[in-house]
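Here's the structure, in structure tokens; my notes come after.
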Amino acid sequence: MSTREKYWLKVWSEKRAFEPDPVEGKKKVFATVPFPYMNAAVHVGTAFTAARVEFYARFKRLQGYNVLFPWAWHWTGKTIVGMSQRLKQGDPVVRRAFIEIDGVPREEVEKFVDPEYLASYYTKVSRQVMKDTGFSIDWRREFRTVDPAFRKFVEWQYLHLRELGYVVQGTHPVVWCPFDKSPTGDHDRMEGEGVSPEEFNLIKFHLGEFALVAATLRPETVYGATNVWVNPDAEYSEARVDNELWVVSSAALTKLSEQKHDVVPVRSFKGSDLVGMFAMAPLTGKSLPILPGKFVDSSLATGVVYSVPAHAPYDLMALRDIQEGRVPVGRQVKEIADKIVPIPILTVKGYSQVPADDAVKRLGVTDSLDPRLEAATEEVYSAEFHGGILSQSSGPLAGLTVVEAKAKALELIAKTERLSKMFELPERVVCRCGTRCYVKILENQWFLNYSDQAWKAKARLVVDRAKVFPEGAREWFYSTIEWLNDWPCARRSGMGTKLPWDKDWIVETLSDSTIYMAYYSISKFVNLEKIGPDNLTTGALDYILLGKGNPANVAKAAGTTEKRLKDIRAEFSYWYPVDLRNSAKELIPNHLTFYAFHHAALFPEKLWPRGFGINGMILVEGKKMSKTKGNFVTWRGALEKYGADPFRLALALTADGMDDADWRDRSAQDAKGKVESVVPFVKKSLKAATARETDALDHWLVSSVHRRILTATEAMEEMKIRRASATIFLDLWNDVRYYIHRTEKPRKQTLVDVFSAWVRMMSPFTPFMAEELNHELGGKGLVCQADWPSTKDFPLDERAELAEAVMNRVIEDARNVLKVVKGPRTTLNIYVCSDQAKSFFYELAAAKRKDENVGLVIKKFAALKVQPGRILKLSYEIGDEMLTKLLSNRGFDEFRTLSDASGFMSKELGIKVVVQRAGAKDIRDPANKARDALPTKPGFFLE
RNA sequence: GCGGGGGUCGCCCAGCCUGGUCAACGGCGCGAGGCUUAGGACCUCGUCCCCUAGGGGUUCGUGGGUUCGAAUCCCACCCCCCGCACCA
């Protein structure tokens, strides 16, 4: 960090520039960013999102608002604990990420086996990098989500949510790791990403006094069953399940017992022991032989399936394996198998009676272990599902579509009490800890019931009432609210706050962070030790947050003073609601929408969020940033490489809206160049300037600045950070450059005024450089406490703008002529149109504007011998804006403007320029070009 | 599959809501010139194609349509990115 940066940081800190307290009567802005999770170093993505609020906060401060931009750290959850654990187990990947990417010293990493230490380390370094970047955060309010006082706040929230009926208990199937004794989410998996529990139907075939339980996803095919498959090599068991005697694979027993079935194993045996027996199918009452099928996965569901060879390619091939002798079986079994013929149960367009056979033939499948069977199965299933109609052989299902038949079959089987269900994972899922997962039905889980229609409606109202930047994101909120289902809000493990009424559960990460912005008003007092966790009773928080209760009584009960409670209440009432919450778009489907839900539930409408800011994700050199890809850029790394101001400016200029922000070294280098050349540019410009009266060009510059202020202000109000910063650092700068280039002698006072506005507009983005420049310009006080420039100080001057625009049009035109016309030339004669042509043209413009017939006016031009096509074309080409300006500035003197600019034009065009008035006496016009002159479109003659 | 956002002149990107000012803003890159001992920085001009008088042609994912006129409005299609839940 440079000494200048250190200097200004110290000044800001000493002046307590960013430590706002409530000021009665002063309008406020409360802007926040979701706190980062402290399992790693903060990176450019975090910086990008946070910087948008930082810019906004500084902008609003200049506008005179009392602005609060607080910060906190998220420690809740099991990720931090998980990383510590993995480190402890010696996982080299985690270790390397700590050291090589995050840059943690080795001796520190050793201590990361303690999760609290890990989190506190990252909190410490993240805080420092944010401070070094010059973020205008009020650090007095900082907290961690594991702080005792914050826990009291979460408890308060959940007690109320439960009272309101928004927290309910429920029973759900989850992907479960028996080692971690916890659900295994997608990102906690080594294998099986995206796999979720599927409900299998269990159909009981009578096998003497036992039920042989087959699992299927296609119950509608039951009338086509010809036999039952078991894996001859797998282990099966007899067991008492819910007081019935079942035969299933041994592996299924654990799963069944985890899914609310009462399971008592009796004895186990090999699958081959079942082969040759007969089991009775439900509905049809047919006795079906049990045959050996090696393709049967005994670890999937019950390890028993029934065979529908007409419609299931696997079944067909397994049957043929036996019939054609590829799989040796006993003679008796062979005889039984040989008699089996597929039973078609549905018809589907484009297939024969036995669709499985069609598919198998087409793909050239050779036996039941052929991998192409997967594709064959998918093909047949898809075709039948979308177009199959059940045929007569399916009895009561005849004539139904597959979807209808499924429901009907289940209904019929259920009636015979031969139906059960179990959840199963369609693919292998392995936890990060290496344990194979299965489905467990979790009982008495706590849910936030986001499926509640009334609650949804209220959440929608929150979004209705709020501003959303960009507007395009609003729809996403609505569809998320629509789609959101009950959310499991508590877990068994990890850091966080226990549910106050059920201490076995810890409030899960996304669920403890929904209204915490309210806590920033309290944390200030907690950090000053003016109130402690023990004082933050439900009653005290009811008073602070909802204004409920008598403060004197509440204070007494909470062991604090009435004044203290009133102070905190006042703090909260002043800052709340949140005016802006900005985050990356990935948080819309969860955090931000939860935030809307919880505010809807707990707070009155006037405390609901006022604004949502959404930005895209960060890319690095056009690619998604990731630790494994090796393109990870930490905040600290970028800050040190480019310096605070360039880093900030580069972030500002990266992207707007929901577009992904592409972090490129080149752009950052470019920003660095810009930041570094501002001060020299200003100094050099002022040095060349002189004291003089204003002229048209000064008015032009001032007028341009007026427009730049307007654009930048509007953009900032809508969180279009890129647009605003580009206007300030590119467009405005170009205006000044043009002014200096164009004028013979820059006027000092004009530049001083413009630079004074400029430095203030730059300051939200590049505060260090801005303070420095402000100081150079002799500005009093700190620029971060100055006023955002007002357009009033930079009056619009349409006529000056018009003059510049017309002259540039003429130059452009002339360039074209010079480019096209070859040959030697020394002088460019410019003929400005006559007053008569001008007035005709204005007449034409006015007529056109009123949609009147322009024929009459064109005829008038005929007298002047102007080509009519030229007139009409110009009236289009000139554009609405220019036309409006012309009409509202009829006194605009084009001849005078161009005459005055002839020196400049001559310099620009590299040729002598002579401006003359068409129609005037004694003009030099050998080619008769003056005749064609029109407003803004003079005639040219090159000689 | 469902939901959200996008596809613009080498690259990044503005414009699209409120049709004509759009061959289309700005930045980068590239080319020419200036400045400079040189380099860098900075400044000017150029950067879709054609043109010996300011003109013409073909462009804004693709194909249709509405309109005197469409990058902008409507319809269909193609492609890309993001999210899809017990987790930050």
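Letters A, B, ... are given to chains in the order of the sequence lines, protein chains preceding strands, and every chain is numbered from 1. Quick note: numbers below take in every heavy atom, side chains included, and nothing from hydrogens, waters or symmetry partners.
Place Phe681(A) and Leu942(A) on RNA chain B by their nearest nucleotides, and Phe681(A) ends up nearer the 5' end. Between Arg189(A) and Gly673(A), the one whose closest nucleotide on RNA chain B sits nearer the 5' end is Gly673(A).
Under 4.0 Å is where a charged nitrogen must lie from a carboxylate oxygen, and between Arg924(A) and Glu943(A) at least one such pair does. Checked for salt-bridge contact, Asp660(A) and Lys623(A) miss the test: no charged N lies under 4.0 Å from a carboxylate O. Between Glu801(A) and Arg707(A), at least one side-chain N (NZ, or NE/NH1/NH2) sits under 4.0 Å from a carboxylate O, which counts as a salt bridge. Asp670(A) and Lys674(A) are joined by a salt bridge, as a carboxylate oxygen and a charged side-chain nitrogen come within less than 4.0 angstrom of each other.
Judged by atom type and distance alone, Glu908(A) does not reach the base of C45(B) through any side-chain donor-acceptor pair under 3.5 Å. A donor N or O paired with an acceptor N or O is not found under 3.5 Å between the base of G54(B) and the side-chain atoms of Asn816(A).
Across all strands shown, G33(B) forms a Watson-Crick or G-U wobble pair, both distances under 3.5 Å, with C43(B). Using Watson-Crick or G-U wobble geometry with both donor-acceptor distances under 3.5 Å, G1(B) finds its partner in C84(B). Judged by Watson-Crick or G-U wobble contacts below 3.5 Å, the nucleotide C73(B) has G65(B) as its partner. In this entry C11(B) has G27(B) as its Watson-Crick or G-U wobble partner, both defining distances falling under 3.5 Å.
For Arg737(A), taking side-chain heavy atoms from C-beta onward, the closest of the listed nucleotides G3(B), C42(B), A85(B) is C42(B). When the nucleotides G5(B), C86(B), A85(B) are ranked by their closest atom to the side chain of Met658(A), G5(B) comes out on top. Distance from the side chain of Trp476(A) is smallest to G4(B) among G4(B), G27(B), C84(B). The side chain of His741(A) sits closest to U44(B) out of G83(B), G54(B), U44(B). Distance from the side chain of Val174(A) is smallest for C86(B) among the nucleotides C82(B), C86(B), A85(B). With distances taken from any side-chain atom of Asn485(A) to the nucleotides C86(B), A85(B), G83(B), the minimum falls on A85(B). In the set C28(B), A14(B), A85(B), the nucleotide with an atom closest to the side chain of Arg666(A) is C28(B). Ranking G27(B), A53(B), C86(B) by closeness to the Lys929(A) side chain, first place goes to A53(B). When distances are taken from the side chain of Asp731(A) to each of G26(B), G83(B), C86(B), the shortest belongs to G26(B). In the set G83(B), C42(B), C81(B), C42(B) carries the atom at the smallest distance from any side-chain atom of Lys684(A).
Nucleotides C35(B) and G40(B) have their P atoms positioned 16 Å apart, rounded to a whole Å. Nucleotides G10(B) and C60(B) have their C1' atoms positioned 16 Å apart, rounded to a whole Å. Separating the C1' atom of A41(B) from that of C51(B) is a span of 38 Å, rounded to the nearest Å. Here, C74(B) and A23(B) have their C1' atoms 26 Å apart, quoted to the whole Å. The gap from the P atom of C81(B) to that of C86(B) amounts to 24 Å, rounded to the nearest Å. Here the separation of U66(B) from G19(B), taken at their C1' atoms, is 11 Å to the nearest Å. When the C1' atom is compared between C73(B) and G27(B), the two are found 31 Å apart, to the nearest whole Å. C82(B) and C77(B): their C1' atoms are spaced 22 Å apart (whole Å).
A cation-pi arrangement, defined by a distance under 6.0 Å to the six-membered ring centre and an angle within 45 degrees of its axis, is present between Lys627(A) and Phe632(A). Trp733(A) carries Arg737(A) over the face of its six-membered ring, with the cationic atom under 6.0 Å from the centre and within 45° of the normal.
Neither OP1 nor OP2 of C86(B) sits under 4.0 Å from any side-chain N or O of Lys78(A). A sub-4.0 Å separation between OP1 or OP2 of G27(B) and a side-chain N or O of Asn734(A) is present. The phosphate of G27(B) (OP1 or OP2) has no side-chain N or O of Arg664(A) nearer than 4.0 angstrom.
Among the heavy atoms of the strands, none lies under 4.0 Å from Glu812(A). Among the heavy atoms of the strands, none lies under 4.0 Å from Ser196(A). Among the atoms of the strands shown, only primed sugar atoms or phosphate atoms (P, OP1, OP2) are found under 4.0 Å from some heavy atom of Leu730(A).
Using a 4.5 Å heavy-atom threshold, the side chains of Phe904(A) and Val913(A) count as separate.
To the nearest angstrom, P of G3(B) lies 20 Å from CD1 of Ile614(A). Atoms CG (Asp665(A)) and P (C28(B)) sit 15 Å apart, rounded to a whole Å. Rounded to an integer number of Å, the gap from CD1 of Ile588(A) to P of C81(B) is 19 Å. As rounded to whole Å, 11 Å separates atom P of C42(B) from atom CD of Glu676(A). As a whole-Å value, the separation of Glu586(A) CD from G4(B) P is 19 Å. In this structure, CD of Glu714(A) is placed 17 Å from P of C17(B), rounded to the nearest angstrom. In this structure, the CG atom of Asp659(A) is 8 Å from the P atom of G7(B), given to the nearest Å. Leu732(A) places its CG atom 14 Å from the P atom of G27(B), with the value rounded to the nearest Å.
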Practice problem: May I have the step-by-step check of salt bridge (Lys or Arg N to Asp or Glu O under 4.0 Å) for Glu804(A) and Arg742(A), ending in yes or no? | Solution: CA-CA 10 Å; Glu804(A) 247 1 70; Arg742(A) 165 83 168 84; 2.7 Å; yes

